[in-house]
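One structure is given here, and the rest of the page talks about it.
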Amino acid sequence: VGHLFCFREAGLTNGTPVETSSPASTSSLLNRLQLDDDLEADIRDPYAEAAETRDLFVTVDDPKKHVSTMETYITYRVSTKTSRVEFDLPEYCVRRRYQDFDWLRIKLEDSQPTHLIPPLPEKFVMKGVVDRFSEDFVETRMKALDKFLKRVADHPVLSFNPHLNTFLTTKDLNKRQGLALLSKVGESVKHVAGGYKLRARPAEFGAMGEYLDTFNQKLGTIDRIAQRILKEQSEYLTELREYGTVYSSWAGSEDELRRPLEGVGGCVTTCCGALEDLGDGMSQDILPVLREYVLYIESMKSVLRKRDQSQAEYEGRLEAAVLRKQEDRTPMPLEVEKCQDKVECFNADLKADWERWQSNKRHDFKQLLTGMADKNINHYEKCQAAWESLITLLQDKQTEDKTSETN
Amino acid sequence: MADCGSNEEVAVIFNTDITSTESENNLINTMVEIGATLLRKMEINVTEAEKRTGKNTVNMQETYTVYLIETRSAETVPEGGTPTTPDTLWRRYSEFELLRTYLLVTYPYIIIPPLPEKRAEFVWHKMSADNLDPDFVERRRVGLENFLLRVASHPVLSNDKIFFLFLTEEKEWREVVLETGFQDKVDSRLKSLSAMFRVKNPDKRFTALKHYSDELNSVISQLLRVRAKVADRLYGVYKVHGNYGRVFSEWSAIEKEMGDGLQSAGHHMDTFAASIDDILEEEEHYADQLKEYLFYAEAVRSVCRKHELIQYELEMVAQDLVSKKQQKEELATGTVRVFSLKGMTSKLFGQESQEQRESRLAALEQSTREGEETLKERNTECQEFVRTAWEDIGRFKEQKDRDLREALISYAIMQISMCKKGIQVWSNAKECFNKM
């Protein structure tokens, strides 16, 4: 019950009432309580939990280019299916552009400061370096936006945020006025970078910070390795292509050997195609997810900083109150208690989100890495098949020759 | 096509470290003709290499490698009996070169099998270009053995006495070779290869063959060059994956449930990175097979050039004879059609006497008869050259087609093996990822 109270309090800090204080399903409530009691044995996988009890489904697809006199941009179709009472209709279909997603994210960050908001794909791309309208870029961005929205929709608290509701249902988001102001608010929070003097940051949050720093480093390294591999593979591919053409050219000056040589040239060409597919797969499916997690880490670190900030505020007030109390024996003011509550709520939310994030991360990376393994396996299988069929061809010819010889 | 009989008559041409299926294929495909080939009676192996130091011709210390040639009678050993100990002798590369030069000069109509390269070429950067490098020495050992087996299985070359002595007579051999006086003919051979003479009626078949040998040379060179670059790049790709091993290991240290899976997957990435060394080493064998035919192309071209020289000399002799006959005719009939110094001087200094004329005519008659003899000889020589050369060329073509097809098959097998290894490693890694 104490936690339910906590949600309401958190909502009041910026004046916007949070409509509902109870998470939709009892099982996720249980989950929250369980987390506070026992952080160690997280047997239940929140990721699987959410999947079973999901009653809000969102999808981002169908990119379309819009050309106007002022600008050209892409919109995506956002489809919603839900049985929640908070929504008037069971289905919705709207079109949104990146700006709109950005708006949503900022709104969520400001209205749910104690929660980890999933990251969006990079906002700015260097014109001239990356083609914003290329199929690959749009596809990659769309998948990231889809992931963002799904993560929000799966979050037991964020999914009930009224801004999400607006985003999913309203035909035309009139957001221009608030945008500039809000982004400034967002910035000021981000700017405070670890400059809080805390009495004692609870060890678990310190550990989280350390983990994030190391993890960030490792992800950066993995990204660099993956890119290096892509580069090496690309150079290998260039040489391999030439290699294949030499066999074909040799075939031209032979008679008996013509078909075997053409066969080898053909196999090499097939392998080139398979290698190209591997490279494309890596750039489109693997690298973007790695980068997204780097952004996720940044979001998480920013939430940790906010938590530190709220703890520092509390400690500051407490200190002041204690001094006053010593002077004139007034009882502990209510604001200090409220501050303490706020810190405790923040801690609880953060821990819950942390566990969810860890679980999602485990799932995402398992998928990512097995995906990478599958792509490599697939590549080798294609090559192997090509060479094996060549051998059959060559050996058939051999037995053909032998039988004709002995006859 | 001669039937390849029992195993003892057949030679294993390449490195003996091959699978049984490959060995079987080699046995079936190696064209050893029944007849008086040396290989029928004798087993030949180049088994070892050793470093030696000694004084060279200009009395300076040098280090060189010698190779051990083992020969043994090819008679089957009865069940339970011990094989006879082989005869052995040591030879260095320069002695092989001497043997080959001798064969080139003595059998100009034969495509002489090539030696392995003198210096490592078409090297991809991780491979050593150093002649004393053990891998290079090993590959050269195989190449030298291959050379001896090729010669020993050749219907013509295998009967050569000097070759036999090369295999059996360590000390005296050099003197015996030089005594044959083949070096005098070396000059003419060099002339044939570098001279710029034009043949009036080129033999179309030889022209086509020379053109083919040039193309073969060019395309195999290109293939070897690009292959080396491909090997270089592939090496880079594999080795970078090793970095995954390290980072997964570091990452696993900060993870709880994911740790074990990541750590084991990292080991598989290390295995993957290491696997390229063996893969590329095996591919060198394929490169060596290609190189042999690169050098064979040169040998074919050399036969074509020798034919050109013979043809040219024949044409010169024929030309000379025609001119002599014309001179004779003029002298006999008194007409001057062809300019001759004698004719001019007789015009200037007065007619010669009947006696003088008759002696000159007689001399020309003699000269003409000799000329006709020479022409006949040269003609026969040329025809004989053409006949024997085309016989050998036919044999060579079949050998080439067989060997290269075999090489392509074994290359494809290597590629399949590489793919299988790749699938294995990534499947293992995937299993680890699944356990994360």
Side-chain angles (χ1 to χ4, degrees), chain A residues 210-211 214-215 217-219 221-222 224-226 228-229 232-233 235-240 242-243 246-247 249-250 252-257 260-261 263-264 267 271 358 361-362 365-366 368-370 372-374 376-377 379-381 383-384 386-388 390-391 394-395 397-398 402 405-406, chain B residues 1 3 25 28-29 212 215-216 219-220 222-223 226-227 229-230 232-234 236-237 239-241 243-244 246-248 250-251 253-258 261-262 265 397-398 400-402 404-405 408-409 411-413 415-416 418-423 425-427 429-434 436:
Chain A
E210 274 168 31
Y211 172 86
T214 311
F215 186 42
Q217 210 185 52
K218 297 311 156 199
L219 277 189
T221 306
I222 293 174
R224 273 192 301 280
I225 295 171
R228 176 84 189 275
I229 290 176
E232 297 282 340
Q233 272 176 345
E235 288 173 356
Y236 170 59
L237 186 60
T238 308
E239 302 298 344
L240 202 62
E242 197 192 330
Y243 187 54
V246 179
Y247 279 106
S249 134
W250 184 1
S253 53
E254 297 286 340
D255 15 75
E256 277 301 307
L257 286 175
L261 287 169
V264 173
C267 275
C271 291
Q358 281 287 9
K361 174 208 79 183
R362 184 173 161 197
F365 275 94
K366 191 160 148 172
L368 181 85
L369 292 170
T370 50
M372 184 167 94
D374 275 333
N376 278 279
I377 291 170
H379 162 254
Y380 280 116
E381 281 174 346
C383 294
Q384 184 177 336
W387 289 107
E388 277 175 345
L390 177 70
I391 290 202
L394 293 180
Q395 282 179 337
K397 186 89 195 338
Q398 263 188 331
K402 258 181 266 175
E405 280 162 24
T406 53
Chain B
M1 185 81 94
D3 189 21
N25 283 337
I28 295 165
N29 296 318
Y212 170 76
E215 275 190 4
L216 190 67
V219 85
I220 296 185
Q222 202 188 355
L223 192 63
V226 180
R227 193 209 71 91
K229 285 198 275 183
V230 166
D232 230 352
R233 294 294 177 202
L234 189 62
V237 170
K239 285 302 176 191
V240 178
H241 279 84
N243 293 326
Y244 275 144
R246 193 173 43 241
V247 78
F248 284 170
E250 289 166 8
W251 179 11
I254 57 168
E255 296 291 342
K256 288 180 275 200
E257 304 108 343
M258 281 167 68
L262 274 176
K397 274 194 177 141
E398 278 172 13
K400 175 206 78 171
D401 287 340
R402 228 178 15 247
L404 287 176
R405 170 186 272 168
L408 293 175
I409 291 177
Y411 181 70
I413 291 173
Q415 298 305 302
I416 290 170
M418 180 172 99
C419 291
K420 283 187 177 163
K421 277 189 208 169
I423 292 172
V425 169
W426 281 103
S427 300
K430 183 178 168 181
E431 246 183 73
C432 298
F433 293 142
N434 269 325
M436 262 165 48

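Every chain is numbered from 1, with letters handed out A, B, ... down the list of sequences.
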Can you tell which part of A:Ile377 gets under 4.5 Å to a heavy atom of chain B, answering side chain, backbone, both or neither?
both
Taking atom CD of A:Glu256 and atom CD of B:Glu398, what is their separation to the nearest 0.5 Å?
9.0 Å
Assess the residue pair A:Glu242 and B:Gln222 against the criterion (side-chain contact (heavy atoms from CB on, under 4.5 Å)); give the C-alpha distance rounded to whole Å, side-chain angles, the decisive distance to 0.1 Å, and a yes or no.
CA-CA 10 Å; A:Glu242 197 192 330; B:Gln222 202 188 355; 4.2 Å; yes
Heavy-atom side-chain contact between B:Met418 and A:Trp387 under 4.5 Å
no
Nearest 0.5 Å, what's the CG-CH2 distance between A:Asp374 and B:Trp426?
10.5 Å
What is the distance from atom NZ of B:Lys229 to atom OH of A:Tyr243, rounded to the nearest 0.5 Å?
13.0 Å
Interface moiety of B:Tyr212 toward chain A, non-hydrogen atoms closer than 4.5 Å
side chain
To the nearest 0.5 Å, tell me how far A:Leu219 CG sits from B:Trp251 CH2.
6.0 Å
Does B:Lys421 NZ have over 12 foreign heavy atoms under 6.0 Å away?
yes
Contacting moiety of A:Leu261, where chain B heavy atoms sit under 4.5 Å:
both
Say you draw a straight line from CD1 of B:Ile254 to CD of A:Glu210; how long is it, rounded to the nearest 0.5 Å?
10.5 Å
Closest-packed option against chain B by number of heavy-atom pairs under 4.5 Å, given A:Thr221, A:Leu390, A:Thr370
A:Thr370
So which part of B:Lys420 gets closer than 4.5 Å to some heavy atom of chain A, the side chain, the backbone, both or neither?
both
Would a 4.5 Å heavy-atom cut-off, applied to side chains only, mark A:Arg362 and B:Glu255 as touching?
no
Any idea which heavy atoms bring A:Phe365 and B:Met436 closest together, and the distance?
C-CE, 3.9 Å
Can you tell me how far apart NZ (B:Lys400) and CG (A:Leu257) are? Round to the nearest 0.5 Å.
5.5 Å
Heavy-atom pairs under 4.5 Å with chain A, option from B:Ala429, B:Ala412, B:Gly261, B:Ser427 with the top count:
B:Ala412
Interface residue of largest heavy-atom contact number with chain B, from A:Leu369, A:Ile222, A:Leu237, under 4.5 Å:
A:Leu369
Bottom line for A:Ala386: the part with an atom under 4.5 Å from chain B's heavy atoms is neither
Sub-4.5 Å side-chain heavy-atom contact between B:Leu216 and A:Trp250:
yes
With a 4.5 Å cut-off on heavy-atom pairs, point out which of A:Lys361, A:His379, A:Lys218, A:Glu388 contacts chain B the most.
A:Lys218
Hey, is B:Glu257 close enough to A:Lys366 for a salt bridge, meaning N to O under 4.0 Å?
no
Minimal heavy-atom distance between B:Glu215 and A:Ser253, with the atoms involved, is OE1-CB, 2.8 Å
Could you check whether B:Arg405 pairs with A:Glu254 (Lys NZ or Arg NE/NH1/NH2 to Asp/Glu carboxylate O, under 4.0 Å)?
no
